[in-house]
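Worksheet: one structure, shown below.
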Amino acid sequence: MVNIENYTYLLNNLILEKARLQEAINDAPDASLTCKTRKNGKQELYIRWHAGSPQFSSKSIYVNQSLVPLARQIAEGMYARAKIGKVNKVIKGLSYLIDVYGNTAPEDLLLQKRPWLYSVMPNALDNNEKMREWKLAEYERTFEHPENIIHETCVPGLLVRSKSEADIVSRLEHFGVPYHYDEFQTFNGVRISIDFVCINVRTGKKWCWDHRGMLDNPSYIEKTLFRERLFLNAGIIHGINLIITSETSAHPLSIPTIDEEIRRYLL
């Protein structure tokens, strides 16, 4: 399944990477490094100025301690020149994919004009549409301790129980991952409140996400252990169909950690 938001996210990162590489190329002296190996096995670095450079000389310059910063600049420029070609190719490819898949396809236009075709072509509803329908469908919310559901999110009208859960909502929305918040689920006759029920955008597999936000609180730890037993008895297992994030007051949940979990299990 093509996720334009994922491609756009990668493209933007690559454009920033290209800018950093180009800056390194622009800042690098007009020279290259060579390496000579002596008979004793010792390797020595030399600077060779390019023809046309004001410093050009037919002789290479040995990199002594005072020239190490200059050699580092030259090495960074050489590395950037070697890498930027590949980055440009990937940018071009991603731009093409975004252009192709970002526009409404002819078959989608047909179904928009003739929606009655769905009645005889149920499979024409693609995964993107099915996931959007699932995300927007009504479901049974927990609403336990409503006095704690006070934190605003990037989704108008959706309040959650903590800042970290608001961050999770923000990143799920960013990556285009369908989810339900605070949903009741029944597994083998056991009703369990799930912080987030998410769908992997590539495979369509459902994942539960349990955020454990106060692991420096002894009473909260006891509730977490009880909840963990419920999960295990219901066949909800970390790394198989369960994502777990944790934090304490001294070690709050970070955006990079959330992104890592989403990329690992939901993309």
Side-chain angles (χ1 to χ4, degrees), residues 1-11 13 93-94 96-112 114-142 153-155 158 160 165-211 230-245 255 257-267:
M1 186 182 90
V2 175
N3 189 313
I4 296 300
E5 288 191 7
N6 291 348
Y7 284 168
T8 303
Y9 177 77
L10 290 173
L11 178 62
N13 282 345
L94 284 173
Y96 173 77
L97 287 172
I98 291 170
D99 180 59
V100 170
Y101 287 102
N103 296 317
T104 305
E107 63 272 23
D108 292 333
L109 288 173
L110 172 68
L111 292 172
Q112 288 175 15
R114 298 173 175 83
W116 42 265
L117 285 172
Y118 282 122
S119 63
V120 290
M121 294 175 58
N123 292 331
L125 193 63
D126 66 11
N127 287 335
N128 271 322
E129 187 62 30
K130 290 176 182 176
M131 289 183 185
R132 279 194 293 269
E133 286 190 354
W134 177 85
K135 180 180 179 180
L136 297 174
E138 292 186 4
Y139 61 93
E140 186 179 1
R141 285 278 304 272
T142 307
T153 69
C154 63
V155 179
L158 177 61
V160 295
E165 287 189 343
D167 288 340
I168 293 173
V169 168
S170 173
R171 303 314 291 167
L172 290 172
E173 291 285 340
H174 172 81
F175 286 106
V177 175
Y179 64 92
H180 288 169
Y181 173 69
D182 209 19
E183 178 175 321
F184 259 135
Q185 290 272 332
T186 301
F187 300 93
N188 298 325
V190 179
R191 280 172 64 79
I192 300 177
S193 169
I194 312 293
D195 292 337
F196 295 90
V197 179
C198 307
I199 292 183
N200 182 296
V201 298
R202 181 173 50 86
T203 65
K205 176 182 174 181
K206 284 188 180 181
W207 286 79
C208 299
W209 187 326
D210 195 48
H211 178 62
L230 289 179
F231 277 131
L232 291 173
N233 289 333
I236 307 174
I237 301 169
H238 183 216
I240 296 178
N241 52 5
L242 174 64
I243 302 167
I244 295 175
T245 47
I255 295 296
T257 297
I258 296 171
D259 287 357
E260 181 181 350
E261 296 300 305
I262 291 175
R263 291 193 180 99
R264 180 181 300 166
Y265 297 115
L266 299 174
L267 300 181

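Throughout, numbering of the chain's residues begins at 1 and tracks the sequence.
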> Should the pair W134 and H180 be assigned to parallel (<30°), tilted (30 to 60°) or perpendicular (>60°) ring geometry?
Replying inline: parallel
> Between Y139 and Y181, is there a donor-acceptor pair closer than 3.5 Å when you use the side chain of the first and the backbone of the second?
Replying inline: yes
> Got N200 and L267 here, is their nearest side-chain heavy-atom distance under 4.5 Å?
Replying inline: no
> With sequence neighbours left out, what residues match R191 under salt bridge (charged side-chain N to carboxylate O under 4.0 Å, His left out)?
Replying inline: E140
>> With a 3.5 Å distance limit and no angle check, can you tell me whether T153 reaches the backbone of L158 through a side-chain donor-acceptor pair?
In response: yes
> Can you name the closest pair of heavy atoms from E261 and I244 and give their distance?
Replying inline: OE1-O, 4.2 Å
>> Between V201 and L266, is there a side-chain heavy-atom distance shorter than 4.5 Å?
In response: no
> Mind checking whether W207 and Y265 have parallel, tilted or perpendicular rings, split at 30° and 60°?
Replying inline: tilted
> Taking the side chain from D210 and the backbone from H238, do they hold a donor-acceptor pair closer than 3.5 Å?
Replying inline: no
> Looking only at heavy atoms, what is the nearest atom pair of V160 and V169, with distance?
Replying inline: CG1-CG2, 4.2 Å
> Among all residues two or more places apart in sequence or in another chain, which pass the side-chain hydrogen bond (donor to acceptor under 3.5 Å, both in side chains) test with T142?
Replying inline: D182, S193
> From Y179 OH over to I199 CD1, what is the distance, rounded to the nearest 0.5 angstrom?
Replying inline: 13.0 Å
>> A side-chain contact here means heavy atoms from C-beta on lying under 4.5 Å apart; do W209 and I262 qualify?
In response: yes
